[in-house]
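Data block below; observations after.
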Amino acid sequence: MSLITTLKTASVVIIGAGISGAAIAYELAKRGQKDIILIEKQYPSSGATGRCGAGVRMQWGTEMNCRLTKYCIERFENLQNELGDQYDLEFKQSGYLMCAATDKEFNQFKTNVALQNSLGIPSRIIDKYEAKQIIPHINTDHMIGGTFCPKDGHLNPFTTTLAYCAAAEKLGVEIQKYTSVVSIDKKRGKIVGVQTDKEYISTPIVVNAAGGYVSEIARMAGVELPLYSQRRQILVTEPVVPIQGPMFMGFVHNIYCQQTPHGSFIMGRGDDDEPKDLDISSGWNFMERQAKNVVKLLPALKDLNIIRQWSGLYNYSPDKQPIYDQIPNVEGMYLAAGYSGHGFMLGPVTGVAMTEMILGLDMTQDVSMLKFDRFEKGNLVIEPSVV
């Protein structure tokens with residue numbers, strides 16, 4: 001393929017226009033950075049962001065995740081006003097109900113809630129009776145107790161990302177859609193440029209925010225990342241009248257399920273047996289297992305018609321926590337990846353943290369524990385509360 005070699009210059013090139021790339025572009029521009037180019041091989045939110053369940057929660061089992069997601073949800077509460085009214089973010093805070101299926105899980109939840117409350121998160125332990133009041137159609141035969149946080153919620157991943165992009169464009173960011181990165185140039189260990197299928201961009205800084213494809217982008221600069229991608233699937237029902245406000249989630253039961261603002265139920269589960277590749281096809285086995293699980297736990301959904309399912313990529317790090325850092329031995333190449341399924345809810349802190357890192361500013365949130373060297377030092381951040 002002959003490449004178009006029209007030369008352009010940029011101060012920063014961001015690869016990937018999901019929530020991470022869009023938020024980074026916006027936060028950089030908001031702080032006065034000029035000549036930013038955001039590159040997306042399809043359209044904003046077309047990758048992992050647009051394929052996610054889009055729930056946002058503060059109910060975690062590590063101090064770091066509680067702190068970072070609390071910051072993000074507080075930003076989400078005011079993000080519509082900040083980014084403008086061009087897109088409705090559809091932010092609703094109807095809560096998350098966490099279902100404990102075993103004594104061990106319930107004890108972990110009690111520990112989690114104590115931590116969350118110490119950080120100002122308004123979660124609480126609930127019994128079966130209160131769980132039934134919060135979600136009347138829940139089958140409490142399969143739970144011991146649970147937790148509930150009314151401030152957790154859900155946003156529209158497409159409009160949220162588009163709102164970030166629109167706000168970034170107003171601040172001067174150039175967004176190149178349907179543009180593929182072909183190669184990344186470096187000299188003496190420093191980033192010097194990016195070749196796309198349309199032009200060559202001279203730049204000293206590249207931010208790799210390419211979701212499930214971050215490793216492929218990194219290899220263009222001769223870097224192997226300790227990350228892998230894996231398919232996760234989602235099932236969606238026909239829309240019905242509102243019957244469930246909160247997200248229902250169970251770690252032992254391996255499920256999350258919520259009713260969206262337009263009435264459809266959206267639900268998913270984990271499967272560690274999925275191959276580590278870039279496959280985003282859909283499978284019958286998932287649909288069957290998911291349907292049986294949700295009917296057992298939320299039997300009122302048994303007669304709903306399934307209208308579609310889709311797949312997206314989780315990008316995993318060794319401890320299933322994100323990496324926010326400059327890539328070792330490649331000056332000017334930054335990485336925001338490895339969210340392991342939680343990238344959407346971390347969008348606001350990703351934008352701020354990466355911007356402050358790139359510009360050398362004081363950090364609003366301490367993300368030092370999410371650098372590359374934690375793997376070498378063995379300082380892994382292990383989260384007990386994940387599906």
Side-chain angles (χ1 to χ4, degrees), residues 1-26 28-29 33-51 157-158 161-162 164-166 168-169 171-225 227-229 231 277-281 310-313 315 326-327 330-338 343 350 354 358:
M1 179 178 69
S2 61
L3 299 177
I4 301 172
T5 57
T6 305
L7 180 62
K8 179 176 285 189
T9 60
S11 61
V12 181
V13 171
I14 303 165
I15 302 172
I19 187 72
S20 295
I24 295 166
Y26 167 72
L28 278 169
Q33 184 65 52
K34 305 297 183 184
D35 302 320
I36 302 166
I37 297 178
L38 175 59
I39 300 175
E40 170 54 52
K41 67 177 181 178
Q42 295 186 60
Y43 53 86
S45 198
S46 59
T49 295
R51 297 169 182 270
F158 294 99
T161 305
L162 289 170
Y164 264 121
C165 287
E169 285 185 302
L171 294 172
V173 174
E174 177 184 342
I175 301 178
Q176 297 187 0
K177 305 171 189 175
Y178 300 100
T179 300
S180 296
V181 174
V182 176
S183 63
I184 297 173
D185 286 345
K186 60 181 182 178
K187 291 182 179 179
R188 294 184 291 278
K190 297 181 180 180
I191 293 294
V192 295
V194 173
Q195 176 72 63
T196 75
D197 57 355
K198 296 182 173 66
E199 63 188 352
Y200 186 86
I201 306 170
S202 176
T203 182
I205 296 175
V206 168
V207 182
N208 185 353
Y213 298 85
V214 291
S215 292
E216 283 64 32
I217 295 297
R219 288 188 190 109
M220 294 180 186
V223 176
E224 286 294 331
L225 297 176
L227 303 171
Y228 67 90
S229 294
R231 177 176 70 168
D277 56 26
L278 301 176
D279 176 28
I280 54 171
S281 63
W310 67 73
S311 299
L313 295 174
N315 185 247
Q326 184 169 216
I327 291 179
V330 184
E331 185 178 337
M333 190 169 193
Y334 293 82
L335 181 70
T350 298
M354 295 304 298
I358 291 165

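Numbers here are sequence positions counted from 1. We use all heavy atoms of the structure for the numbers below, so side chains are in, but hydrogens, waters and symmetry mates are not.
Contact record, Ile15 with Val206: CD1-CG1, 3.7 Å, taken as the closest heavy-atom pair. Scanning both residues, Ile39 and Ile201, for their nearest heavy atoms gives CD1-CD1, 4.0 Å. Listed here is the closest heavy atom pair of Val173 and Ala29: CG2-CB, 3.7 Å. Listed here is the closest heavy atom pair of Ala22 and Leu38: CA-CD2, 4.1 Å. In plain terms, the two heavy atoms of Met354 and Leu335 that are nearest each other are CE-O, 3.6 Å.
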**Step-by-step side-chain contact (heavy atoms from CB on, under 4.5 Å) determination, Tyr334 to Ile205** = CA-CA 8 Å; Tyr334 293 82; Ile205 296 175; 4.0 Å; yes

**Asked** What's the verdict on side-chain contact (heavy atoms from CB on, under 4.5 Å) for Ile37 and Ile14, showing C-alpha distance, side-chain angles and the deciding distance?
**Response** CA-CA 6 Å; Ile37 297 178; Ile14 303 165; over 6 Å; no

**Worked verdict on Ser229 versus Asp277 for side-chain contact (heavy atoms from CB on, under 4.5 Å)** = CA-CA 6 Å; Ser229 294; Asp277 56 26; over 6 Å; no

**Asked** Can Ile175 and Glu169 be said to form a side-chain contact (heavy atoms from CB on, under 4.5 Å), step by step?
**Response** CA-CA 7 Å; Ile175 301 178; Glu169 285 185 302; 3.5 Å; yes

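By the salt bridge (Lys or Arg N to Asp or Glu O under 4.0 Å) test, Glu331 pairs with no residue at all, sequence neighbours left out. Considering only residues two or more places apart in sequence or on other chains, Thr203 meets the side chain to side chain donor-acceptor pair (under 3.5 Å) condition with none of them. In this structure, the ring pair (Phe, Tyr, Trp, His ring centres under 6.0 Å) partners of Tyr26, at least two apart in sequence or on a different chain, are Tyr164. Residues passing the ring pair (Phe, Tyr, Trp, His ring centres under 6.0 Å) test with Phe158, sequence neighbours excluded: none. In this structure Gln326 satisfies the side chain to side chain donor-acceptor pair (under 3.5 Å) test with no other residue, sequence neighbours excluded. Qualifying salt bridge (Lys or Arg N to Asp or Glu O under 4.0 Å) partners for Arg231, counting only residues two or more places apart in sequence or in other chains: Glu274, Asp279. By the side chain to side chain contact (heavy atoms under 4.5 Å, CB included) test, Ser20 is found to be paired with Ala209, Tyr339, Thr350, residues two or more places apart in sequence or in another chain being considered. Remark: Ser11 engages Gln33, Asp35, Ile36 in a side chain to side chain contact (heavy atoms under 4.5 Å, CB included) (not counting sequence neighbours). Remark: Glu216 engages Arg219 in a side chain to side chain donor-acceptor pair (under 3.5 Å) (not counting sequence neighbours). Qualifying side chain to side chain donor-acceptor pair (under 3.5 Å) partners for Ser311, counting only residues two or more places apart in sequence or in other chains: none. Shown here are the side chain to side chain contact (heavy atoms under 4.5 Å, CB included) partners of Leu162, two or more places apart in sequence or in another chain: Pro44, Tyr87.
Looking at Tyr213 and Leu313, their side chains come closer than 4.5 Å, going by heavy atoms from C-beta outward. Residues Asn208 and Met220 are not in side-chain contact: their nearest non-hydrogen atoms beyond the backbone lie 4.5 Å or more apart.
Counting only distance, with no hydrogens or angles, the side chain of Asp197 and the backbone of Thr179 share no donor-acceptor pair below 3.5 Å. Side-chain atoms of Thr9 do not come within 3.5 Å of backbone N or O of Ser202 as any donor-acceptor pair.
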Which atom pairs, one a donor and one an acceptor, fall under 3.5 Å between side chains of residues 184-193 and the rest of the protein, sequence neighbours left out?
unit_1, atom_1, unit_2, atom_2, d
Asp185, OD2, Tyr200, OH, 2.8
Lys186, NZ, Ala221, O, 2.7

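A distance of 4.5 Å separates OG in Ser215 from CG in Leu225, rounded to the nearest 0.5 Å. Note that CD of Gln176 and NZ of Lys41 are 16.0 Å apart. Values are rounded to the nearest 0.5 Å. The CG atom of Asn315 sits 9.5 Å away from atom OH of Tyr228, with the distance rounded to the nearest 0.5 Å. Distance check, rounded to the nearest 0.5 Å: CD of Glu224 to CD1 of Ile327 gives 11.0 Å. Taking CD from Gln42 and OG from Ser45, the interatomic distance works out to 11.0 Å, rounded to the nearest 0.5 Å. A distance of 6.5 Å separates CD1 of Ile358 from CD1 of Ile24, quoted to the nearest 0.5 Å.
Using a cut-off of 4.0 Å between Lys/Arg side-chain N and Asp/Glu carboxylate O, Lys177 and Glu40 are scored as not salt-bridged.
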